[in-house]
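Remarks on the structure that follows.
Note that the structure is a prediction, hence the values are computed from the model and not measured. Any value given below was found using the heavy atoms of this structure, including those in side chains, with hydrogens, waters and symmetry copies removed. Counting starts at 1 for both ligands and their atoms, in listed order. For this chain, numbers begin at 1 and follow the sequence in order.
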Amino acid sequence: MKQKRVHIVTMGCQMNVYDSEQMLRLLAPLDYRPTSQLDKADLILLNTCSIRAKAEHKVYSFLGRLVRMKRLRPDIIIGVGGCVAQQEGYRLVERAPHIDIAFGTFALGRLPSLVEQVKDQKQQVVDVNPRGSSEPLCVKGPVLKVERVTAFVTIMQGCDNFCTYCVVPYVRGREVSRKPEEILEEIRLLVENGVCEITLIGQNVNAYGQKNSHGCDFPALLERVHDIEGLRRIRFTTSHPKDLSDRLIDAFCRLDKLAPHIHLPVQSGSSRVLRRMNRGYTRDLYLKKVARLHEIRPGIAITSDIIVGFPGEERGDFEATLDLVRQVGFDSLFLFKYSDRPNVPAAKFSNKIPETIKAERFSTLLEVQRELTLQKNKALVGTTQEVLVEGPSKKSPNQLTGRTLCNKIINFEDSMARAGQILPVRIVEAFSHSLLGQPVGKGHGAHSGENGGMSYAA
Ligand code: 5AD
Ligand code: SF4
């Protein structure tokens, strides 16, 4: 059989990065191999994100670019999966008739049969049906040959929180946790293939195991992952502040492999706005959790998500957010301007904030955070950090790139180091998005082992 090529465009969060890998795994038995070149592909898949209006616009503009390609090569199969497909379903194929397959978040496992269906019947297919209760959450089978040292592993899908601005519970469904044994097996396989850092992912990992009878909650799962031999570093994302228990915070002290970084979306520094967002915590409670994190693991890096211009956000609310940002001293922030999403309660809230005010608040906060991040990074100059080498830097190929334990990107020159090594690197210069370093120690005698090894919501 002639080998065919698939090109996947992944938009959005880490969940989608993981799902795209699952698509490749599912398509391998149909003889599809990945290609990074769009014009060489027989099958083009878009794994989409609908979290904000901007993300959705990106999908349609990309699809627009494919119209001419499909006209010239009608045998190409174009599939759109992920959250926009789940949300839009038949509307998507009406708006973009050159699509062959629209497959929602629950239809991922059915992708091979949808591709076969298009080939056999030469007609469009739409699958936005819910997941069957007996279907597995993740694809089983051999781990794809991995050429990187870090990997994401999904531990749960969906969300039960219904923050009033968020589309996730509608497009990803209710919380479902994977069985611990399945997760552990997947990590073991990845480690055998050279992965040394794992990021456990889910919309709200803190709620792992709360709803089912797997007999293992998130802190317990972390302990079991920690026991995996050869695994060097563990990270997780995303944590909902309301579900961040003391036991979980204590894990940062108990578990050596747990990297000292937490992504803890606050969304707003005003308790009034937090209530209208249905976040389930107050500003004070958030600050208490942050204080405990600092107490348990001094030096822990904390990053966050903030939405500016939520309906009804007054000047005083925004100032409370600015104040919280300064008080916490986040290592970095993901900032978003509120946008209405289909069917979410906030879309019907009155007192929408004009775009000009949103833009003003956005740039004020961005400037404050840029300065804070730079200060934090500058404070590291002269210190030595443990760095996991990920490979050559994309921007300058004579440099290597890696991450510190606190998840900061660091670039440095070292002709001997290889991906998978953990090295002590001295920080010589700090920028707002990265650090510049110099490896410590002659001949790298100080290397601590080789290849013993890489928001969303909440
Ligand atoms: N508008 C703007 N930002 C949003 N987010 C989620 N929904 C919206 C929305 N409707 C942001 C939140 C979340 C991050 C992934 O996206 O900050 O944590
Ligand atoms: Fe769930 Fe996070 Fe969306 Fe809230 S913001 S509904 S916690 S995914």
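Ligand 2 places these atoms under 4.0 Å from at least one heavy atom of Cys163: 4 (Fe), 5 (S), 6 (S), 7 (S). Less than 4.0 angstrom separates some heavy atom of Tyr165 from each of these atoms of ligand 2: 5 (S). Residue-ligand proximity, His240 to ligand 2, at heavy-atom distances under 4.0 Å covers atoms 7 (S). Per-residue contacts place Gln203 under 4.0 angstrom from the following atoms of ligand 2 (heavy atoms of the residue considered): 8 (S).
For Lys337 and Phe362, the positive end sits near the middle of the six-membered ring, less than 6.0 Å away and at most 45° from its axis.
In Cys159, the part holding a heavy atom less than 4.0 Å from any atom of ligand 2 is the side chain. Of all the heavy atoms of Pro169, the ones lying under 4.0 Å from any atom of ligand 2 belong exclusively to the side chain. With a 4.0 Å heavy-atom cut-off, ligand 2 is reached by the side chain of Arg279 but not by its N, CA, C or O. If you look at Phe336 next to ligand 1, the close heavy atoms, those under 4.0 Å, all belong to the side chain. Under 4.0 angstrom from ligand 2, the non-hydrogen atoms of Phe162 all belong to its backbone.
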- Let me see the working for Asn161 and Asn278 under side chain to side chain donor-acceptor pair (under 3.5 Å), right down to the final yes or no. CA-CA 8 Å; Asn161 286 312; Asn278 190 32; over 6 Å; no
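Looking at Tyr338 next to ligand 1, no N or O pair under 3.5 Å apart turns up. At least one N or O atom of Arg52, backbone or side chain, sits closer than 3.5 Å to an N or O atom of ligand 1.
The nearest non-hydrogen atom to atom 5 (N) of ligand 1, considering only Thr238, Ile307, Asp305, comes from Ile307. The heavy atom nearest to atom 17 (O) of ligand 1, considering only His240, Gln203, Gln267, His263, is found in Gln267.
Annotation: salt bridge (charged side-chain N to carboxylate O under 4.0 Å, His left out) contacts involving residues 77-96, sequence neighbours excluded, comprise Glu88-Arg91.
Taking the charged nitrogens against the carboxylate oxygens, Lys257 and Asp227 have no contact shorter than 4.0 Å, which rules out a salt bridge. The pair Arg292-Asp250 meets the salt-bridge criterion, since a charged nitrogen lies less than 4.0 angstrom from a carboxylate oxygen. Between Arg148 and Glu390 no salt bridge is recorded (no basic side-chain N to carboxylate O distance below 4.0 Å).
Taking 4.5 Å as the limit, every side-chain heavy atom of Tyr338 sits out of range of all side-chain heavy atoms of Arg52.
In this structure Asn343 satisfies the side-chain contact (heavy atoms from CB on, under 4.5 Å) test with no other residue, sequence neighbours excluded.
Side-chain contact check for Asn206 and Ser239: at least one donor-acceptor pair (N or O, by modelled atom type) lies under 3.5 Å.
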